[in-house]
Amino acid sequence: MAESFTAAAPRAGRKPKGEGHERRAEILEAAERIFVECGYDGATIRKIADEVGLSSTALYMHFRDKSEILAEICRGAFALLTEATARIESDRAVEVRLRRMLEAYARFGLENPNAYRLIYMTRPEEARGGAEGVARELGAGLYGSFVGVIEEIGGSIRLRHDPATTAQLLWAGVHGVVSLIITKPYLDWQAPEDLVGAMLDALFESVLKR
């Protein structure tokens, strides 16, 4: 693969109360972790505020409520993922571009496991309010660009299935590897880049005509 990547190491413990100047960024970082650990309902404003050394009242000066916090986390995560896929050179062969997009997706998930959980592994009832709208809008745009590359391949009659089915098969396959590594870190996984590469080899062999 073009770049190696590994699952992110656990974050360091919380900062002492009152430390740091980028409060909004600290709140988002703490909330991302607490949403994953406690779920949406368990991630109270008080818990998030305590984690960054603020009172609940002070936290409300930065965010209206926890749904706005979750929406902002999702917006930032999609921005990072969109940026990663946008960096792929447009002059590469379309099949290479498609593979690089899937590699970038996997790399993002493994290097940002908490954010990945929140945007791709959160139950619908937990993605409330603004977060659901962000996921629909930004996620749809990202997915649309992915399908567009597959449609380019389909134009040369090289697909075994229609573009929508092909897109969902590829996405499901890579998501399966990423989500298992994230949620089952105690298993004796092979190197993530090797697993993702092998999965892509198998998927491309199954969806493309040679």
Side-chain angles (χ1 to χ4, degrees), residues 1-14 25-43 47-48 51 66-67 69-88 98-128 131-132 134-136 138-143 145-146 167-204:
M1 298 176 69
E3 300 177 50
S4 63
F5 49 94
T6 58
R11 293 182 184 273
R14 59 169 293 186
E26 289 180 1
I27 291 167
L28 292 172
E29 181 180 347
E32 180 182 289
R33 185 169 59 254
I34 292 170
F35 278 127
V36 169
E37 292 173 354
C38 304
Y40 184 85
D41 290 331
K47 283 181 181 178
I48 297 169
E51 184 71 7
K66 66 180 181 179
S67 69
I69 296 175
L70 181 57
E72 187 64 23
I73 291 171
C74 291
R75 186 175 291 107
F78 276 118
L80 288 174
L81 186 50
T82 300
E83 180 183 355
T85 58
R87 287 198 299 265
I88 297 167
L98 179 60
R99 185 170 182 121
R100 294 291 181 266
M101 290 179 78
L102 290 163
E103 289 172 353
Y105 174 90
R107 187 177 301 109
F108 168 83
L110 293 169
E111 293 178 353
N112 303 274
N114 285 340
Y116 186 87
R117 281 177 183 254
L118 292 175
I119 63 175
Y120 285 119
M121 300 169 67
T122 300
R123 295 192 303 273
E125 61 270 22
E126 293 188 332
R128 305 174 188 179
E132 184 176 11
V134 168
R136 287 180 180 275
L138 300 183
L142 188 63
Y143 181 71
S145 65
F146 174 57
Q168 290 169 23
L169 286 171
L170 292 171
W171 183 17
V174 177
H175 171 75
V177 172
V178 172
S179 61
L180 280 171
I181 293 174
I182 289 174
T183 58
K184 310 294 182 184
Y186 49 82
L187 295 181
D188 186 20
W189 297 108
Q190 297 297 310
E193 60 267 29
D194 293 339
L195 283 176
V196 172
M199 174 60 80
L200 289 175
D201 289 343
L203 289 169
F204 275 56

Does the side chain of [Y] come within less than 4.5 Å of [X]'s, by heavy atoms?
{"X": "Tyr105", "Y": "Thr85", "value": "no"}
{"X": "His175", "Y": "Met121", "value": "yes"}
{"X": "Asp201", "Y": "Arg99", "value": "yes"}
{"X": "Leu102", "Y": "Phe204", "value": "yes"}

Considering all heavy atoms of both residues, which atom of [X] and which atom of [Y] are nearest to each other, and what is their separation?
{"X": "Tyr116", "Y": "Gly109", "value": "CD1-CA, 3.4 Å"}
{"X": "Cys38", "Y": "Lys47", "value": "SG-NZ, 3.9 Å"}
{"X": "Lys66", "Y": "Asp41", "value": "NZ-O, 3.5 Å"}
{"X": "Leu81", "Y": "Ala104", "value": "CD1-O, 4.1 Å"}
{"X": "Phe78", "Y": "Gly139", "value": "CE2-CA, 3.6 Å"}
{"X": "Ile69", "Y": "Ala31", "value": "CG2-CB, 3.4 Å"}

How far does [atom1] of [X] sit from [atom2] of [Y], to the nearest 0.5 angstrom?
{"X": "Leu200", "Y": "Leu98", "atom1": "CG", "atom2": "CG", "answer": "8.5 Å"}
{"X": "Ile27", "Y": "Ile48", "atom1": "CD1", "atom2": "CD1", "answer": "8.5 Å"}
{"X": "Phe35", "Y": "Arg117", "atom1": "CZ", "atom2": "CZ", "answer": "14.5 Å"}
{"X": "Met101", "Y": "Arg87", "atom1": "CE", "atom2": "CZ", "answer": "13.0 Å"}

Could you list the donor-acceptor pairs under 3.5 angstrom formed between side-chain atoms of residues 180-191 and any protein atom two or more places apart in sequence or on another chain?
from: Thr183; atom 1: OG1; to: Ser179; atom 2: O; distance (Å): 2.7
from: Trp189; atom 1: NE1; to: Lys184; atom 2: O; distance (Å): 2.7

* Counting N and O atoms only, with roles assigned by atom type, does the side chain of Arg107 sit under 3.5 Å from a partner on the main chain of Glu193, one being a donor and the other an acceptor? ->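 Between the backbone of Glu193 and the side chain of Arg107 there is no qualifying donor-acceptor contact (under 3.5 Å).
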* **Main-chain N/O of Leu142 paired with Ser145 side-chain donor or acceptor, under 3.5 Å** =>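 Yes, the answer is positive, given that a donor and an acceptor are paired below the 3.5 Å cut-off.
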* Under the side chain to side chain contact (heavy atoms under 4.5 Å, CB included) rule, what do Asn114 and Glu29 come out as? Steps first, then yes or no, please. => CA-CA 10 Å; Asn114 285 340; Glu29 181 180 347; over 6 Å; no
* Asked: Among all residues two or more places apart in sequence or in another chain, which pass the ring-ring contact (aromatic ring centres under 6.0 Å, His included) test with Tyr143?
  ->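 Tyr143: ring-ring contact (aromatic ring centres under 6.0 Å, His included) contacts with Trp171.
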* To do: Under the side-chain contact (heavy atoms from CB on, under 4.5 Å) rule, collect the residues that match up with Ala30, sequence neighbours excluded.
  =>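 side-chain contact (heavy atoms from CB on, under 4.5 Å) check on Ala30 returns Arg33, Glu51, Val52.
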* Kindly determine whether Leu170 and Phe146 satisfy side chain to side chain contact (heavy atoms under 4.5 Å, CB included), including the steps that lead there. => CA-CA 10 Å; Leu170 292 171; Phe146 174 57; 4.0 Å; yes
